[in-house]
Peer 1: 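Below is one structure. I have some questions about it.
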Amino acid sequence: RFVLIAWVLSRIRFSNEKLTQSAIFALVATVFTLIYSYYVGHGELKELHSVGHINHTAIYLVISYTISLALLIFNFNNLRNYQKIILVVTTTVFFLTTIDAGSQAAIGLLILITIFDIIFVLIRFKKLFLVDRINLIKKNLKKKNLFSLEIGVHRGDFSKKLFLNFRPQ
């Protein structure tokens, strides 16, 4: 079923923004369904009525968690602020409710997916810190006669390198 949905969506000429908005809408609708399920179950998650048994519900929540987290990580720079907030909230809700569902298979998948995503984020941002920032600033800095140059960093080593390379007045 999910492959057919992906195939149909790939054939429709929606922009990436429309696909993102549609996915966020579906995630928010799932959160409302969860709220209703907790209400009907008197504070206990028994099942999502449209999905079925608690194990099926837990797997559905893992899929929703994966979609929410993937949208948040892979599209972070392209998202609007309200979309980022919605995705952080939905990701957290799906994580917690999957654990609350108590399915061992779903919790195992949840942990595995989270570990893979953390590794991806570490690899992605490691490249950011491997860049020689002084040469990058030299290449992109347009003004040559600097009166002041102030950049806040943790220990001040980078500020010393900036001072030695640019000699601000």
Side-chain angles (χ1 to χ4, degrees), residues 1-133 136 152-155 157-158:
R1 283 187 273 180
F2 296 113
V3 175
L4 290 175
I5 293 170
W7 180 77
V8 169
L9 288 176
S10 71
R11 298 291 179 214
I12 298 173
R13 300 287 182 223
F14 284 142
S15 66
N16 286 341
E17 186 174 337
K18 288 290 181 194
L19 288 173
T20 301
Q21 289 173 351
S22 299
I24 290 173
F25 181 77
L27 293 170
V28 170
T30 303
V31 169
F32 283 121
T33 306
L34 275 170
I35 292 169
Y36 176 74
S37 293
Y38 273 107
Y39 174 74
V40 169
H42 302 291
E44 183 182 342
L45 179 64
K46 297 189 185 215
E47 67 181 12
L48 290 178
H49 295 289
S50 58
V51 177
H53 189 268
I54 189 68
N55 288 333
H56 296 164
T57 296
I59 295 299
Y60 183 80
L61 291 173
V62 169
I63 293 169
S64 299
Y65 170 78
T66 305
I67 292 169
S68 183
L69 190 60
L71 280 173
L72 186 62
I73 290 174
F74 292 115
N75 290 338
F76 190 80
N77 294 331
N78 299 328
L79 295 172
R80 297 184 179 137
N81 287 335
Y82 78 92
Q83 291 173 328
K84 291 176 187 176
I85 292 168
I86 289 171
L87 287 173
V88 166
V89 168
T90 57
T91 302
T92 305
V93 166
F94 293 140
F95 184 86
L96 295 175
T97 54
T98 301
I99 292 172
D100 188 41
S103 171
Q104 292 176 354
I107 292 173
L109 282 172
L110 188 74
I111 292 169
L112 190 65
I113 289 166
T114 304
I115 288 171
F116 280 137
D117 285 339
I118 289 171
I119 290 170
F120 171 78
V121 168
L122 291 175
I123 290 170
R124 185 175 181 183
F125 288 114
K126 183 179 178 184
K127 292 178 183 178
L128 178 66
F129 295 110
L130 293 177
V131 174
D132 185 14
R133 294 177 286 177
L136 189 63
V153 293
H154 297 290
R155 291 185 308 238
D157 297 338
F158 188 64

Peer 1: Distance from Leu45 atom CG to Asp100 atom CG, nearest 0.5 Å?
Peer 2: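 If we round to the nearest 0.5 Å, Leu45:CG and Asp100:CG are 6.0 Å apart.
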Peer 1: Which class fits the ring pair Tyr39 and Tyr36: parallel under 30°, tilted 30 to 60°, perpendicular over 60°?
Peer 2: tilted
Peer 1: In Å and rounded to the nearest 0.5 Å, what is the CD1 to NZ distance from Ile12 to Lys18?
Peer 2: 13.5 Å
Peer 1: Where do Phe76 and Lys84 come nearest, in terms of heavy atoms and distance?
Peer 2: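 It is O-CE, 3.0 Å.
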Peer 1: Could you go through Leu34 and Phe94, starting from their C-alpha distance and side-chain angles, then the distance that decides it, and tell me whether this counts as side chain to side chain contact (heavy atoms under 4.5 Å, CB included)?
Peer 2: CA-CA 9 Å; Leu34 275 170; Phe94 293 140; 3.9 Å; yes
Peer 1: Tell me, with the steps shown, if Phe95 and Leu69 meet side chain to side chain contact (heavy atoms under 4.5 Å, CB included).
Peer 2: CA-CA 10 Å; Phe95 184 86; Leu69 190 60; over 6 Å; no
Peer 1: Of all the heavy-atom pairs spanning Ser68 and Thr91, show the shortest one and how long it is.
Peer 2: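 For Ser68 and Thr91, the tightest heavy-atom pair comes out as OG-OG1, 2.6 Å.
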Peer 1: Just how far is it from atom CD of Glu17 to atom CD of Gln83, taken to the nearest 0.5 Å?
Peer 2: 6.5 Å
Peer 1: Please find the pair of heavy atoms, one from Leu71 and one from Leu79, that lie closest to each other, and give the distance.
Peer 2: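 Smallest interatomic distance, heavy atoms only, reads O-CD1, 3.7 Å.
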Peer 1: Within the 4.5 Å heavy-atom criterion, are Leu109 and Tyr65 side-chain neighbours or not?
Peer 2: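 The answer is no, as the side chains (C-beta and beyond) never meet within the 4.5 Å cut-off.
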Peer 1: Could you tell me whether Tyr82 atom OH has more than 12 heavy atoms of other residues or ligands within 6.0 Å of it?
Peer 2: yes
Peer 1: Taking all heavy atoms of Ile54 and all of Ala101, pick out the closest pair and write down the distance.
Peer 2: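 Distance-wise, the nearest heavy atoms are CG1-O, 3.7 Å.
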Peer 1: Knowing that exactly one of Ile118, Asp117, Ile119 qualifies, which makes a side chain to side chain contact (heavy atoms under 4.5 Å, CB included) with Ile115?
Peer 2: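 Exactly one option meets the side chain to side chain contact (heavy atoms under 4.5 Å, CB included) with Ile115, and it is Ile119.
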Peer 1: Does any non-hydrogen side-chain atom of Val8 lie less than 4.5 Å from one of Leu4?
Peer 2: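 Leu4 vs Val8: side chains apart.
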Peer 1: Nearest 0.5 Å, what's the OG-CG distance between Ser64 and Leu27?
Peer 2: 6.0 Å
Peer 1: Do other residues, nucleotides or ligands put more than 12 heavy atoms under 6.0 Å from Phe120 CZ?
Peer 2: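 Counting other residues, nucleotides and ligands, CZ of Phe120 exceeds 12 neighbours.
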Peer 1: Measure the spacing between CD1 of Ile99 and CG of Leu61 and express it to the nearest 0.5 Å.
Peer 2: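 One finds 11.5 Å between CD1 of Ile99 and CG of Leu61.
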Peer 1: Val62 and side chain to side chain contact (heavy atoms under 4.5 Å, CB included): which single residue from Thr98, Ile67, Leu112 fits?
Peer 2: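 When side chain to side chain contact (heavy atoms under 4.5 Å, CB included) is applied between Val62 and each of Thr98, Ile67, Leu112, only Thr98 qualifies.
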Peer 1: Hey, does Asn78 have a side-chain heavy atom less than 4.5 Å from the side chain of Asn16?
Peer 2: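 Side-chain contact under 4.5 Å: no.
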Peer 1: What is the minimum heavy-atom distance between Leu87 and Thr90, and which atoms define it?
Peer 2: O-OG1, 3.1 Å
Peer 1: Look up atom OG1 in Thr57 and atom NZ in Lys46, then write down how far apart they are to the nearest 0.5 Å.
Peer 2: 12.5 Å
Peer 1: Show the nearest heavy-atom pair for residues Ile86 and Val28, with the distance to one decimal.
Peer 2: CG2-CG2, 3.6 Å
